[in-house]
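Nothing here was measured: the structure is a model prediction, and the numbers come from that model.
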Protein chains: 2
Amino acid sequence: MQEEISHLLERLIAAEDNEQKAIFEVAIEELESSELALLLESLPLHERFDRWQQVPDADQIDVLVAMRAEPRQTIFKSLSKDQLQALLTDLHAEDLIELAESLSEDAVATALQSMKNNQRRYYEVSTQYEDDQIGRYVDHELLILPRTANVKLALQKLKRSFPEYTDCIYLIQHKGIYVGTVPLQAIYQATPETLLIELCIEDPITISADNYLVDATEKMEHSGLMTLPVLGTNERLLGRLTLRLALEITRDSYESQLMATAGMDEDEDLFAPVFRSSTRRATWLGINLLTAFLASWAIGLYEATLQQVVALAVLMPVVASMGGIAGSQTLTLIVRGIALGQISKGNVLPLLLKEIKVGGLNGLLWALVIGCITALWFSSVGIGLVMAAAIVMNILAAAVSGVLIPIILDRFNIDPALSGSVILTTVTDVIGFVAFLGLGTAFLL
Amino acid sequence: MQEEISHLLERLIAAEDNEQKAIFEVAIEELESSELALLLESLPLHERFDRWQQVPDADQIDVLVAMRAEPRQTIFKSLSKDQLQALLTDLHAEDLIELAESLSEDAVATALQSMKNNQRRYYEVSTQYEDDQIGRYVDHELLILPRTANVKLALQKLKRSFPEYTDCIYLIQHKGIYVGTVPLQAIYQATPETLLIELCIEDPITISADNYLVDATEKMEHSGLMTLPVLGTNERLLGRLTLRLALEITRDSYESQLMATAGMDEDEDLFAPVFRSSTRRATWLGINLLTAFLASWAIGLYEATLQQVVALAVLMPVVASMGGIAGSQTLTLIVRGIALGQISKGNVLPLLLKEIKVGGLNGLLWALVIGCITALWFSSVGIGLVMAAAIVMNILAAAVSGVLIPIILDRFNIDPALSGSVILTTVTDVIGFVAFLGLGTAFLL
């Protein structure tokens, strides 16, 4: 957080009623919509509604667009039908695309009716693309001219409108087919009669509207340009992707990954209504419960042993947790590799060998340490040896699972960032308990 | 990954020797340096060295700069002293800043000797800033003119040089003090004799070189501009921040967070040398071991109980894991809130109350389910009741710890993304085991 905002935010959150109102008034003066959105998200629901009242009508849509889906929905729900209708009048296509996921179908239909014709068309084209395709989020504020236009015409156009992040003019021919990209720099340096087509950059980079978001943003980043044209079917120019949009998409995708590690959603509201938050998190707890019972079942196989050597019960968490941690290190490395496309059939074997060697070394090291500690703790060399052997086996199993589980999940198109760690800990728990208690049964009874 | 690259990468990794050489030749033709860096990182060490030989001299620095610190270091180590010296001749300041962390002090000194004077000065200024401050990574390729310059001079300058992402010219006065920002658009539309100072944007946004990286990138993103000037002490213009750089910094910071959840570093090489990788991961395993022994010690307090009611030993993983999962959900939400600056003294209490309510609801739900299952499994209502009570207590404890642990860590300037989950699971393990076995001791013996 920038210091000024962070300071403002801290004061806002700590303040009450009238004082908070005054601070938020200052915030509205000084901050951008996206920053106001962050402020509103940080407030408990009733304070959030109070402060929302202060947001000037003209900024409300921008603030809502910048908010996460869930906190935004809390605002929508607090509005009367008339207020909602007034708010949703004359929207831009990009804004409705963002807002639609938090709106009822009725509300979206009302919003569409009050839209300008060209915006409604943009909206209809955008919604033909899935929410992981770049076509859906295309920016329609771009400068377009026919392929026959000259520099004079371009200069006139530039005087009339200059959308944020403009660095070029796009040329199209009949039916809106993309012809070329003319950098502003070239336009400004040419004579008025020069045809724009002569100033087009060679081999222009374009993005296909059905590209996945990450692919499109990487292409944007690697291009060295500030904007890229996005083309639909038959090379029709749909809009553009800006570096700013690429940055937002990148941030969202990482946030999703981070939240997925705990089975949650990127849009989760800090102050989500309790019942809603509970039901959603319950699913993840339930899935996890099944895997925990699997581990219990594995332990249950050795009840007789546990009764005779109770030290084994005491030490179980150590075996399980060393396997879990070692496995999650490998898993995290592989999940990142998959996300970057750095893993494929050809390098699975060398990766597996490397991780097994790393696991072997760490297994031996910690087996020695843990074996000695437990042998001393329970005054039994046997327990120390069983423990050491179980640790080595479990860390090796963790290395193998850490490599293979995400690769297999990915092959079946299951997000390894979301489900990888649950499956991994199940495997390391079960293998760890069976190895430990099995060895105990064989050698300690 | 973009499909073309991803396809190329897959073929490259799967291929051997000569075939791989041919594929990489194509990659060099078609890809950007940052994409070549990704390819090289995906290869096991000996193949990586072989392919590196193919990278044209002119691209080598760009590829190395784009690589992560660790894989880059493997390349440096494979070079002879003469090769290294040739490679490090006549570097740009920004490149040496990136490369320095993988180089010996001697190598950096050699590189500095062969630098142009102005680049060496840039380097010296940059290294006055810490590696989490924006001043260190400033881009020096920007257009600067004295405050007295006119449009004619600006147009001449623009014809001579036009660095990537240029959208304005910066004006300075004596001693390099920043005066203002002139958008190219204004320059191109003005008459040749107009003074640039008259075209400056009002209230220009600037970044202070000692700003933290995240603060600077957020300011960049919210500004709606493509570049921002970075100012050092006494308002001296040091360089600029581009949206592209902001995107790279954002990506790096999220990657660090993701890797930190498993106690690893953003720069970790997929094919790090085994010994190196082992020793680094060993630290994290060791820290974790201490916490696991703490859990064992808690269990050890109830050895006598476990001996009599072995079912308790069987069920321990269920108690521990439900608490761990519930806690990590809360923790993840709070860690994100802290990273965005959305959490402060004022909202800790409402957050805590909300999470306790969510935990209470989920605790009751799953206590009922788990209580019934265990009562049936072990044909004992007593065990079912003890289990149910322990689950409720542990999920509530998890909610409280999930909120408080990251906030306390952050107060002491400890990264909650790195150490939060280890501490959290220790707390939930210990509380879970003590609650479960303590209740068992009280009611089942």
Side-chain angles (χ1 to χ4, degrees), chain A residues 1-2 6 9-10 13-14 32 34 42 44 162 164 185 188 215 218-219 221-222 224 226 243 247 250-251 254 261-262 264 270 274 277-278 281-282 285 288 292 295-296 299-300 303 306-307 310 313-315 317-318 321 325 328-329 332 337 341-342 344-347 350 357-358 361-362 366, chain B residues 1-2 6 9-10 13-14 32 34 42 44 162 164 185 188 215 218-219 221-222 224 226 243 247 250-251 254 261-262 264 270 274 277-278 281-282 285 288 292 295-296 299-300 303 306-307 310 313-315 317-318 321 325 328-329 332 337 341-342 344-347 350 357-358 361-362 366:
Chain A
M1 280 298 283
Q2 298 165 46
S6 152
L9 178 54
E10 205 160 305
I13 295 169
E32 302 283 326
S34 48
S42 322
F162 197 91
E164 270 187 350
Q185 188 203 351
Y188 284 124
D215 296 346
E218 279 181 24
K219 206 163 178 175
E221 188 180 345
H222 292 149
M226 294 187 273
L243 253 180
L247 177 54
T250 304
R251 183 197 306 284
Y254 275 109
T261 58
M264 286 193 293
L270 210 48
V274 170
S277 194
S278 312
R281 294 196 206 168
L285 284 165
N288 179 69
S296 281
I299 299 173
E303 269 190 57
L306 284 169
Q307 201 139 24
V310 90
V314 174
L315 291 170
V318 176
S321 105
I325 294 287
S328 80
Q329 292 187 319
T332 307
Q342 291 187 305
S344 128
K345 254 179 281 171
N347 58 8
K357 284 183 203 157
V358 172
L361 267 182
N362 262 320
W366 291 111
Chain B
M1 278 297 283
Q2 298 166 46
S6 149
L9 179 53
E10 206 161 304
I13 295 169
E32 302 283 326
S34 48
S42 322
F162 198 90
E164 270 187 349
Q185 189 203 352
Y188 284 123
D215 297 346
E218 279 180 23
K219 205 161 180 178
E221 188 178 346
H222 293 150
M226 295 187 272
L243 254 180
L247 177 53
T250 305
R251 184 197 306 283
Y254 276 109
T261 58
M264 284 192 293
L270 210 47
V274 170
S277 195
S278 311
R281 294 198 207 166
L285 284 164
N288 178 70
S296 281
I299 299 173
E303 268 190 59
L306 285 170
Q307 202 140 23
V310 89
V314 173
L315 291 169
V318 176
S321 106
I325 294 286
S328 79
Q329 292 187 319
T332 308
Q342 291 186 306
S344 127
K345 252 178 281 170
N347 58 8
K357 285 182 202 156
V358 172
L361 268 182
N362 263 320
W366 291 111

Using the side chain to side chain contact (heavy atoms under 4.5 Å, CB included) criterion, which residues pair with A/A262? Sequence neighbours excluded. A/M264, B/S328, B/Q329, B/T332
Pairing residues for A/S42 by the side chain to side chain contact (heavy atoms under 4.5 Å, CB included) criterion, not counting sequence neighbours: A/L9, A/I13, B/Q342, B/N347
Are A/E303 and B/V314 close enough that some pair of their side-chain heavy atoms sits under 4.5 Å apart? yes
Part of A/S321 lying under 4.5 Å from any heavy atom of chain B: both
Need one label for A/Q307: side chain, backbone, both or neither, based on atoms under 4.5 Å from any heavy atom in chain B. both
Return the CG to CG distance between A/N362 and B/L285, rounded to the nearest 0.5 Å. 5.0 Å
How about A/T250 and B/T250: do any of their side-chain heavy atoms sit closer than 4.5 Å? no
Examine whether an atom of A/E221 lies under 4.5 Å from a heavy atom of chain B, and if so say whether it belongs to the side chain, the backbone or both; otherwise answer neither. both
Heavy-atom pairs under 4.5 Å with chain B: which of A/P317, A/P350, A/G224 has the most? A/G224
With a 4.5 Å cut-off on side-chain heavy atoms, are B/L306 and A/L306 touching? no
When only pairs under 4.5 Å are counted, which of B/E32, B/M226, B/E164 shares the most heavy-atom pairs with chain A? B/M226
Sort B/P44 into side chain, backbone, both or neither according to what part of it lies under 4.5 angstrom from a heavy atom of chain A. side chain
Any idea which of B/S277, B/S34, B/S278, B/G300 has the most non-hydrogen atom pairs under 4.5 angstrom with chain A? B/S278
Assert top hit (heavy-atom pairs under 4.5 Å, partner chain A, pool B/A295, B/S296, B/A292, B/S344) equals B/S296
